[in-house]
Amino acid sequence: MYCSRLPNNGGWLLVALALSFTACTRQPAAPHPQRIAILRFENFGGDVSGDWMGRAFSEILASELTGVPDLYAIPATRMHGLDGSLGSRPAAAPGISAERTLALAAGANRIGYGEYAERNGRLEARLTIEDPRTGRLAQVISASAAAGDVLGAASDLARQISSHRAPYGTRSLAALKPYLTALESSDSAAAAAFLQQAIAADPDFPPPYRQLALLKAQRQDRAGALALLDQALARSRISEVERARTELEAANLRNDAAARTRALAALVQFDPGDTDSWRSLAGSAMNRHQYSQSVQAYQKVLAAEPEDVGDWNALAYAAAYAGDPSTAMSALGRYRTLRPSDPDPRVVVSPCDAIIGAFGKIADTELFQVKGAPYSLLDLLGDPALVDAHRNGRFITLRLTSSMYHRFHAPCDLRIEQVDFISGDTWNVNPIALKRIEKLFCKNERAVIRTHLATGEALTLVPVAAILVASIRLHFIDRLLNADTIGPVSFPCDVGVRKGDELGWFEHGSTIIVLAPENFEFCDNVAGLARIRAGEPLLRKPA
């Protein structure tokens, strides 16, 4: 029996809670901990050869502020994970203009931006910390060091923010410069060469190992990536937090759930403000049916990000499973208060939190993953009849990053007819890979969810798996869709869902492609690279 009625994952508990929930009182939000994003500094000197230090200041400051009480320094990797679609920016680009939007999308409630210049044999730097909600300056600090000593100047700034700062992972400029140059490079071969140079200069500096392992994994060289990570872990002089980060990457590549949980538990101990790790730990506990631990982890996330609607929903599920109706009811009420809702039956809403990628009109049967990178509906869907249903229709690509809420919901009232699982690879689906790898969505594992609206039109959702995301769980079929599922295989269904019902989830971030009828129009909020939340308007059927 492949098909089951929704919901089958404890949702009946939430239904019962919803029926018994008679009033929702808005609770005052807990004080936000300081979540600071240090943007790339701007070079105010005349020597462009020092432009690379702009990224160095932001990297060193964010790293040295790891684990500072009541403060979470958002890593540049989290910010740029939200916006690889813009490509690598040049090192000289000032962060105040190029990264501010990324910082806000990553949840920053403090933004640090700065400038530096080399004058009279000295490197002078200034950091301004701003409250983005009010525009008021919270702090302005400055530092000075010998010319070229970006490590000394950045550490001095970090020390003025907190005496609890930790030393950066290397004191070698010969390792630091090629590492940061690699991060700024849009050429993967050149980046790999720079990273190897950084490793040779300081073998006890783990970030270049991890970055080079990522490049190898993107090329499907998993064995090479793991060998690099094991090489880093064999070093005895790396810090505990860097060891935990490296162990997490290795566990993800090995698909070792127990090792992943251990690494996440270590990371939140070293950096309690790291909501990404808490969120991953919560999801991991849910998968192991350790619901009380999942509740505690989601509560840690929401203490720092109390407006995150997806995490309130996830907390409600975890608490319902844990047999804690009081917490589940409270979380459900908060979710209802915050969740975007468009009751208009003509509106198709976003099924997930996401960054909007490519979207537009399907040209006969051709659409594109990024500009200049077309693919066909037949390659994506595999069924000529379904291709005909979406010929000249509308499409939109929704990218979920690893830090986002990774469950997805019904975008409108639907009847689910069938799920087709198509086996494939697990290429990374980040925007750089989308530009480089032809027809990537058509190569990866994916589930084609066939549905139709009450008025009969076809609407199809295509969740696409990716590196470290090689499993898709759907509530209405009784199989976990992953590498062990040999496809193509079809699961017939006849399940009615209402707008907002949870359909399933990824283990991490990935992509959902939405295919809609030709006569639907995109809503005004749909724009390239815009961040959208589950339940916000996506498409509208004309009256």
Side-chain angles (χ1 to χ4, degrees), residues 59 62-63 66-67 74-82 84 168-170 175 179-180 182-183 188 191-192 194-196 198-199 202-271 274-284 287 400-404 406 425-430 432-433 465-471 483 506-510:
E59 288 285 329
S63 177
T66 297
I74 299 172
T77 50
R78 176 172 180 178
M79 288 193 290
H80 287 278
L82 296 173
Y168 189 60
T170 186
Y179 167 60
L180 296 175
L183 292 183
S188 60
F194 282 122
L195 291 167
Q196 288 167 343
I199 291 169
D202 184 356
D204 293 320
F205 184 35
Y209 290 94
R210 292 197 297 271
Q211 190 65 24
L212 186 54
L214 176 61
L215 291 178
K216 287 183 177 292
Q218 288 175 344
R219 298 189 195 109
Q220 300 294 84
D221 182 7
R222 193 168 299 227
L226 284 169
L228 268 170
L229 296 174
D230 289 341
Q231 185 182 342
L233 291 169
R235 309 298 300 185
S236 60
R237 298 175 59 186
I238 65 176
S239 70
E240 290 181 300
V241 67
E242 289 289 0
R243 184 173 296 279
R245 288 170 179 156
T246 308
E247 287 173 342
L248 178 60
E249 295 299 326
N252 284 335
L253 279 172
R254 289 192 170 96
N255 198 24
D256 186 336
R260 185 171 184 270
T261 298
R262 289 194 298 271
L264 287 168
L267 282 174
V268 296
Q269 181 180 16
F270 297 133
D271 196 4
D274 182 355
T275 53
D276 280 358
S277 292
W278 278 117
R279 188 177 285 113
S280 296
L281 199 59
S284 178
N287 290 338
L400 296 79
T401 70
S402 60
S403 63
M404 287 179 174
H406 48 267
D425 298 322
T426 54
W427 288 99
N428 195 320
V429 293
N430 69 24
I432 294 173
I467 187 170
L468 310 182
V469 198
S471 63
F506 296 110
E507 287 194 3
H508 301 281
S510 194

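Annotation: side-chain hydrogen bond (donor to acceptor under 3.5 Å, both in side chains) contacts of S63 (sequence neighbours excluded): none. By the side-chain contact (heavy atoms from CB on, under 4.5 Å) test, A62 pairs with A73, sequence neighbours left out. In this view, D271 satisfies the side-chain hydrogen bond (donor to acceptor under 3.5 Å, both in side chains) rule with no residue, not counting sequence neighbours. For Y209, the ring pair (Phe, Tyr, Trp, His ring centres under 6.0 Å) test picks out no residue, with sequence neighbours left out. Y168 pairs by the ring pair (Phe, Tyr, Trp, His ring centres under 6.0 Å) definition with F205, not counting sequence neighbours. A search for salt bridge (Lys or Arg N to Asp or Glu O under 4.0 Å) contacts involving R219 returns nothing, not counting sequence neighbours. Under the salt bridge (Lys or Arg N to Asp or Glu O under 4.0 Å) criterion, D230 pairs with R254, not counting sequence neighbours. With sequence neighbours left out, D204 forms a side-chain hydrogen bond (donor to acceptor under 3.5 Å, both in side chains) with R235. With sequence neighbours left out, the salt bridge (Lys or Arg N to Asp or Glu O under 4.0 Å) criterion links R262 to no other residue. Residues meeting the side-chain contact (heavy atoms from CB on, under 4.5 Å) test with R210, sequence neighbours left out: P206, P207, L229, E242, R245, T246, E249. Qualifying salt bridge (Lys or Arg N to Asp or Glu O under 4.0 Å) partners for E59, counting only residues two or more places apart in sequence or in other chains: R55. Considering only residues two or more places apart in sequence or on other chains, S239 meets the side-chain hydrogen bond (donor to acceptor under 3.5 Å, both in side chains) condition with none of them.
Looking only at side-chain heavy atoms (C-beta outward), S510 and L400 stay at 4.5 Å or farther from each other.
In this structure, the side chain of R243 engages the main chain of L233 through a donor-acceptor pair within 3.5 Å.
From W278, atom CH2 reaches atom CG of L264 across 10.0 Å, with rounding to the nearest 0.5 Å.
The two residues T170 and A175 come nearest to each other via the heavy atoms OG1-CB, 4.2 Å.
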